Amino acid sequence: MKNTKVAAILNRIADLLEMDGVDFRTKAYRRAAHTVEFLSQDIEDVRDEGKLEELPGIGKSISRKIEEILDTGTLQYYENLKKEFPLDFEALAAVEGLGPRTIKLLYNKLGIKNLQDLERAAKRHKIRRLPGMGYKKEHQILENLKIAKKGTDRILLGQILPLAEDIKEEIEKLDVSRVEIAGSIRRMQETIGDIDLLVVTDKPKQVMDYFTSMNLVDDVITRGSLKSSVRLKNGVQVDLRLFKESSFGSALLYFTGSKETNVMMRRIAIRKGMKLNEYGVYRGEKQVAGKTEEEVFRKLGMQYIEPELRENRGEIEASINDELPELVKYSEIHGDLQMHTNWSDGSDSILKMAQTADKLGYEYMAVTDHTGRLKIANAMAEDRIKKQIKEINRLNQELDGITVLRGVEVNVDSRGKLDVAHDVLKNLDVVVAAVHSGFRQDREKLTARILSAMENEDVNIIAHPTGRKIHYRRAYELDLEGIFETSRDTGTFLEVNSQPNRLDLKDTNIRRAVYAGCKLMINTDAHSANQLSNMKLGVATARRGWAESKDIINTLPLKKFEKVLN
DNA sequence: GCCGTTTTCGGCCCGACTGTTTTCAGTCG
């Protein structure tokens, strides 16, 4: 997949053009980059079919440039631009308050190319003497430089969601009539840059005072009458905006984003002779919608788009054509089919897991402790698997309301064989297979391993199919199309793993799998009872991948689920 | 540079806040 590389170059071109104040051409490159980045196909395949120009935002000029990148690995136009501005734009732009115009000014007047140059110039008070700059700006640059140098990663959704909900609850205690979390958290994006809060209140000053002086706050970035931003002690930025009830829907829509989706929606409004902003839909001066999101969509002649879909990946067109999927619901999950107990590397007993799963409203769950050679995970040998089966049988007699299925998570070895014998596996209800070693094999070998596991009649599920760990390990090189095909043909389910740093398959791959006709299973892979609540992250990811309940096997009630499993 | 349910030319999303300005440019979301 060269998609990422092509998109990166197109984005860099946009950066460089932006420094020169080129406006609309910049936007064109950004749009093309977005298209390529989230394309469900390999860009090389699209080129081979001669269909580059059919992609949204890609015309003659950019398609030729893409071909050049694919053919030569580089692009002359881009190389020339880089020569004009030989500087580390990305690093400099990561400093809050530094945009393309300022970066250009700093380069032209002071020759600043990177963060070191910037720091030196600021400390020698050279920046404050530049036109449009001053003492405050220079001071601000020095402050924000420290943060930029830390290279703050985006934070995992699973980490930030509880924090955002805590802050929301705090603000709800004030004199407010409504508080909502917007932004990428509401879209349930896998990683999050900041927290966006929208508030309706009759006491704006009280709310802003409280917000900017919360215990968690390290620094107030801006403080206005309608909008304030703070940085928390853990480095996370939180923005809070006040709105009237009559604008709340359009505000929620706008601040939920994504940015690209907003731009598309505003264009649609213009085409219909209206204007859309965060205060509402306007015909002339008159507000004609805005109280609720539903109202805004209706006014624009669109189907309501769930927040998880708002990424400008085709949902706008689908909405206009009444073709949006009916997304799987958070409440539709009837069971969790991968979890670990204190029989291997989990921290809670089977009973504790079962009681917690029962409280979550599940009808069934599978205990899938590690087996065979995975010694660091306290894996079970075959005699202990048999013992555990007996223990689960006994528990099922005791338990009421939830059925515990007997399972294991087996390892797929470097040649695609399982590390537990068929004689043992045949007595189990659920066999989860996963790659836990040899990640560095090449694409062919890794793909062959997984295909071979899928063709094994004992295997029901392939867990965390691509092996990626966000911020830690890239996905293995795999022929995903081949895997999807075999998954469909053998009836082997692909997992959507709900661990906050896995979310594997990820959203865009889920969409490809669903399109290919695969059936998926959303599991938590919980290693303790409290991790069972991570299910919502997996469901969110499936929703972002346009999955419907028919695509997700564990939305089935127990009887039907068992039938499908066999 | 892209695009078309008014258009193959003339548009291209829009507002809050800050700092450095006497009226606005730049940044951010």
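Atoms considered below: every heavy atom in the structure, side chains included; atoms not considered: hydrogens, waters and symmetry mates. All chains are named by letter (A, B, ...) in the order of the sequence lines, taking the proteins before the strands, and each is independently numbered beginning at 1. Quantities reported herein were computed from a predicted structural model and do not represent experimental measurements.
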Evaluate side-chain contact (heavy atoms from CB on, under 4.5 Å) for A:Leu75 paired with A:Ile13, printing each intermediate quantity in order. CA-CA 10 Å; A:Leu75 177 64; A:Ile13 292 174; 3.7 Å; yes
Residue list, ring-ring contact (aromatic ring centres under 6.0 Å, His included) with A:Tyr210, at least two apart or on another chain: none
Does NZ in A:Lys65 sit with more than 12 non-hydrogen atoms of other residues, nucleotides or ligands closer than 6.0 Å? yes
Roughly, in whole Å, what's the span from CD1 in A:Ile192 to C1' in B:dG29? 15 Å
For residues 47-92 of chain A, pull every pair meeting ring-ring contact (aromatic ring centres under 6.0 Å, His included), keeping only residues two or more places apart or in separate chains. none
Does the plane of the ring in A:His139 sit parallel, tilted or perpendicular to the ring in A:Tyr135? Use 30° and 60° as the thresholds. parallel
Atom-to-atom span, CD1 of A:Ile141 to C1' of B:dG19 - whole angstrom: 12 Å
At a cut-off of 3.5 Å, list every protein nitrogen or oxygen paired with a nitrogen or oxygen from nucleotides 7-11 of chain B, distance to 0.1 Å.
none

For atom NZ of A:Lys137 and atom P of B:dT27, their distance in whole Å: 7 Å
What is the separation between atom CD1 on A:Ile147 and atom P on B:dC28, rounded to the nearest whole Å? 13 Å
Please table the atom pairs, donor to acceptor, closer than 3.5 Å between any side-chain atom in residues 15-22 of chain A and protein atoms at least two apart or in another chain.
unit_1: A:Asp15; atom_1: OD1; unit_2: A:Arg30; atom_2: NH1; d: 3.3
unit_1: A:Asp15; atom_1: OD1; unit_2: A:Arg30; atom_2: NH2; d: 2.9
unit_1: A:Asp15; atom_1: OD2; unit_2: A:Arg12; atom_2: NE; d: 2.9
unit_1: A:Asp15; atom_1: OD2; unit_2: A:Arg12; atom_2: NH2; d: 3.1
unit_1: A:Glu18; atom_1: OE1; unit_2: A:Arg30; atom_2: NH2; d: 2.8
unit_1: A:Asp20; atom_1: OD1; unit_2: A:Lys104; atom_2: NZ; d: 2.9

Are there over 12 heavy-atom neighbours, none belonging to A:Arg473, within less than 6.0 Å of that residue's CZ? yes
Qualifying residue for side-chain hydrogen bond (donor to acceptor under 3.5 Å, both in side chains) with A:Asn497, from A:Thr524, A:Thr541, A:Asp525: A:Asp525
With sequence neighbours excluded, give me every salt bridge (Lys or Arg N to Asp or Glu O under 4.0 Å) pair touching residues 247-270 of chain A. A:Arg266-A:Glu278
Give me, pair by pair, the N or O atoms of the protein and of nucleotides 12-18 of chain B that are less than 3.5 Å apart, along with how far apart they are.
unit_1: B:dC13; atom_1: OP2; unit_2: A:Arg267; atom_2: NE; d: 3.3
unit_1: B:dC13; atom_1: O2; unit_2: A:Arg266; atom_2: NE; d: 3.4
unit_1: B:dC13; atom_1: O2; unit_2: A:Arg266; atom_2: NH1; d: 2.6
unit_1: B:dC14; atom_1: O4'; unit_2: A:Arg266; atom_2: NH1; d: 2.4
unit_1: B:dG15; atom_1: OP1; unit_2: A:Lys275; atom_2: NZ; d: 3.1
unit_1: B:dG15; atom_1: OP1; unit_2: A:Asn277; atom_2: ND2; d: 3.3
unit_1: B:dA16; atom_1: OP1; unit_2: A:Tyr279; atom_2: OH; d: 3.0
unit_1: B:dC17; atom_1: OP1; unit_2: A:Ser225; atom_2: N; d: 3.4
unit_1: B:dC17; atom_1: OP1; unit_2: A:Leu226; atom_2: N; d: 3.0
unit_1: B:dC17; atom_1: OP1; unit_2: A:Lys227; atom_2: N; d: 2.9
unit_1: B:dT18; atom_1: OP1; unit_2: A:Arg223; atom_2: N; d: 3.0
unit_1: B:dT18; atom_1: OP1; unit_2: A:Arg223; atom_2: O; d: 3.4

Only distances under 3.5 Å count here; give the side-chain donor-acceptor pairs of residues 41-59 of chain A to other protein atoms, sequence neighbours excluded, each with its distance to 0.1 Å.
unit_1: A:Glu44; atom_1: OE2; unit_2: A:Lys2; atom_2: NZ; d: 3.3
unit_1: A:Arg47; atom_1: NH1; unit_2: A:Asp71; atom_2: OD1; d: 3.0
unit_1: A:Arg47; atom_1: NH2; unit_2: A:Asp71; atom_2: OD1; d: 3.4

Can you confirm whether A:Asn80 is buried at CG, in the sense that more than 12 heavy atoms of other residues, nucleotides or ligands lie under 6.0 Å from that atom? yes
Find the distance A:Leu197:CG to B:dG29:P and express it as a whole number of Å. 15 Å
Separation of the C1' atoms in B:dC17 and B:dT21, to the nearest angstrom: 15 Å
Output every pair passing ring-ring contact (aromatic ring centres under 6.0 Å, His included) with a member in residues 296-324 of chain A, not counting sequence neighbours, ordered by first then second residue. A:Phe297-A:Tyr304
With the threshold set at under 4.0 Å for non-hydrogen atoms, list the residues of residues 41-57 of chain A touching DNA chain B in residue-number order. A:Leu55, A:Pro56, A:Gly57
Separation of B:dG19 atom P from A:Ile127 atom CD1, nearest Å, is 15 Å
With sequence neighbours left out, which residue pairs that include part of residues 245-257 of chain A fulfil the side-chain hydrogen bond (donor to acceptor under 3.5 Å, both in side chains) condition? A:Arg186-A:Thr256
Rounded to the nearest angstrom, tell me the gap between atom CZ in A:Phe255 and atom C1' in B:dC28. 10 Å
Tell me: CD1 of A:Ile181 to P of B:dG29, nearest whole Å? 18 Å
Identity of whatever pairs with B:dC28 - Watson-Crick or G-U, under 3.5 angstrom: B:dG15
Any pair with a residue in residues 264-291 of chain A that passes ring-ring contact (aromatic ring centres under 6.0 Å, His included), sequence neighbours left out, goes on the list, sorted by first then second residue, please. A:Phe243-A:Tyr279
Contacting residues from residues 71-102 of chain A, given that a heavy atom lies under 4.0 angstrom of DNA chain B: A:Val95, A:Glu96, A:Gly97, A:Leu98, A:Gly99, A:Pro100, A:Arg101, A:Thr102
